[in-house]
Amino acid sequence: MCARGVSWLASPSVTGSESYHRTRGGPESMVRRVFYSGVDRPNPVGRSRGQTRDGYEAVELLVNDAARGSRSAMDESEKLLRWFESQKRLLPWRESREPYGVWVSEIMLQQTQVQTVIPYYLSFLRQFPTVEDLAAAPLEQVLAAWSGLGYYRRARQMHSAAKMIAESLDGFPSSSRELERLPGVGPYTAAAVASIAFGEVVPVLDGNVERVMARRLALAEDPKQSAVRKALFGAAASVLDSEQPGESNQALMELGATICRPKRPVCDECPLKQDCLAQQQGNPESFPAPRRRRTIERFELAVAVVRRDSSILLFRRPEESALMAGMWELPNVPLSRSVEVMAGAFEGKYGGCWKLELTDTIINHRITYRALRLHVHLGEFKAGHSVAEGLEAAWISREEQVEYAVSSAVGKIVASCCSWY
DNA sequence: CATACGTGGGC
DNA sequence: TGCCCAAGTAT
């Protein structure tokens, strides 16, 4: 593999989910111990040693910084921690290590950027200060607090997990193994919460760490492949500081977010530049391998803004729908050239009697591999007893919007509707 | 392992 | 505009 002495990382003998490998330590290499209690399968090379604080069997793993001349993994950990200490951003969830807040932040940060999360995090913790408050709140209210943040399943799963925690006699789950049993908590989030809130020595491998390590090792292979992921995971473990795992993990992610960015990384300011193979080769941007993307299909939808007094008509999506389950949406039908055809479609779907008038407002709404272009119509709707059976309707005002679970697009349209009348 | 899930920002 | 990416998880 790599010529730079990291051959242990993806050795062919990797069999378990943990890719630590014990290597013959040269005279200058450092051996570090990592206790990893979130292991379901026995580690193929580690030795079982004692118990963690939560009673789970710990596996002792020897992580060897393989023959990097005079450099050692310890140096890298220290450089990283020192850099983080002086350069870390002040973020609201960094003010406390209290597990609930850490957990909320980690869920919100899944596939979501920091600046997007900040206001949601603040208002969410104001509304639901403790896990008990969250558990006791109606799901509707939790979804409303999540409105516009996306991936709404996260809110449902968090609410469900909060109930599990509140009903449990054991308090907040305190190990990555336990945390991973919660809905919405996968390997990354479990490791992040366990290390930050509980000091568990477990590495995280998120998109940032993946990129940082792919560059550090100049690993060109596709990170989707499990062998490559293992190598990256092992590399992340090798720079993990076992005294301050939470800070260490955050440091690596912060590095990826601010210095080792996808585009135009600022290698000059990187605490690991001496250790980075891609930087030495002068082509950091070429790692990791670009992921293939499916082409986006585009659909066009007509949505109707129907006003009564100062309120707008919304309908509730079915709980069982895969897309934005239970969220309130504007009435919509596939776009057609004829307003009459669309009016008929609205009537078929929602009942009532419709009159429509096209405005020139178009809002894009993307869902992974689809893009919906929303053509907004001002409409009149006369309900009778002909409103579609089993479909929940609501008239909401701009002020009441905060109490309803709506997508970002609906939020924007409701926000700007006043100017259209 | 591939796919779907929301959204906002950068270039 | 269009494409890429972002503190992932569940199926």
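Sequence lines set the chain letters: A, B, ... in the order given, protein chains first and strands last, and positions in each chain run from 1. As a basis for the values below, the full set of heavy atoms in this structure was taken, side chains included, without hydrogen atoms, waters or symmetry mates. As the structure is a computational prediction, the values presented were derived from the model and not from experiment.
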Review point. Roughly how far apart, to the nearest Å, are C/dC4 and B/dG6 at atom C1'?
Key: 16 Å
Check your understanding: When we call it a touch if two heavy atoms are under 4.0 Å apart, what does A/M108 touch: a base, just sugar-phosphate, or nothing?
Key -> nothing
Study note, to complete from the structure: In whole angstroms, the gap separating C1' of B/dG9 from CD1 of A/I118 amounts to 14 Å
Point to revise | Between P of B/dG6 and CD of A/E329, the distance in whole Å | key: 12 Å
**Study point:** Integer-rounded Å distance: C/dT1 C1' and A/N364 CG
**Key:** 10 Å
Check your understanding: Heavy atoms under 4.0 Å, any strand shown: does A/R156 hit a base, just sugar-phosphate, or nothing?
Key -> nothing
Review point. Short question: side chain of A/E403, backbone of A/E400 - any donor-acceptor pair under 3.5 Å?
Key: no
Exercise for review: Work out which heavy atom in A/R211 is nearest to a heavy atom in A/P262; give both atom names and the distance.
Suggested key: NE-N, 3.5 Å
Check your understanding: For A/R264 and B/dC11, is the shortest distance between a side-chain N/O and OP1 or OP2 below 4.0 Å?
Key -> yes
Practice item. Write down the distance between CD1 (A/I296) and C1' (C/dG2), rounded to a whole number of angstrom. Key: 8 Å
Exercise for review: Return the 5'-most residue of the pair A/A325, A/K224 with respect to DNA chain B, ranking by each residue's nearest nucleotide.
Suggested key: A/K224
Practice item. Please report, rounded to the nearest Å, how far the P atom of B/dG6 is from the CD1 atom of A/I363. Key: 18 Å
Review point. Has the side chain of A/R370 got a donor or acceptor atom that lies under 3.5 Å from a matching backbone atom of A/F299?
Key: no
Point to revise | Verdict with supporting geometry, A/L134 and A/Y100, side-chain contact (heavy atoms from CB on, under 4.5 Å) | key: CA-CA 10 Å; A/L134 180 57; A/Y100 172 67; 3.7 Å; yes
Check your understanding: Between A/T359 (side chain) and A/V376 (backbone), is there a donor-acceptor pair under 3.5 Å?
Key -> yes
**Study point:** Exam field: side chain A/R97 to backbone A/G246, donor-acceptor pair closer than 3.5 Å
**Key:** no
Practice item. Send over the distance from A/I367 CD1 to B/dG8 C1', rounded to a whole Å. Key: 15 Å
Exercise for review: Return no unless some side-chain N or O of A/K412 is found under 4.0 Å from OP1 or OP2 of B/dG8.
Suggested key: yes
Review point. Can you give one letter per nucleotide of nucleotides 4-11 of chain C, going 5' to 3': B for a protein heavy atom under 4.0 Å from the base, S for sugar-phosphate only, - for none?
Key: SBBBBBS-
Practice item. Can you tell me, in whole Å, how much space there is between the C1' of C/dA6 and that of B/dC5? Key: 14 Å
**Study point:** Sugar-phosphate only, base, or nothing, as touched by A/L149 at under 4.0 Å among non-hydrogen atoms
**Key:** base
Review point. In whole Å, what is the span from the CD atom of A/Q115 to the C1' atom of B/dG8?
Key: 8 Å
**Study point:** salt_bridge(A/K88, A/E254) N-O dist < 4.0 Å
**Key:** no
Review point. Pick the nucleotide of DNA chain B nearest each of A/S226 and A/R154; which residue has the one closer to the 5' end?
Key: A/S226
Exercise for review: Quote, to the nearest angstrom, the P distance that separates B/dC11 from C/dA7.
Suggested key: 15 Å
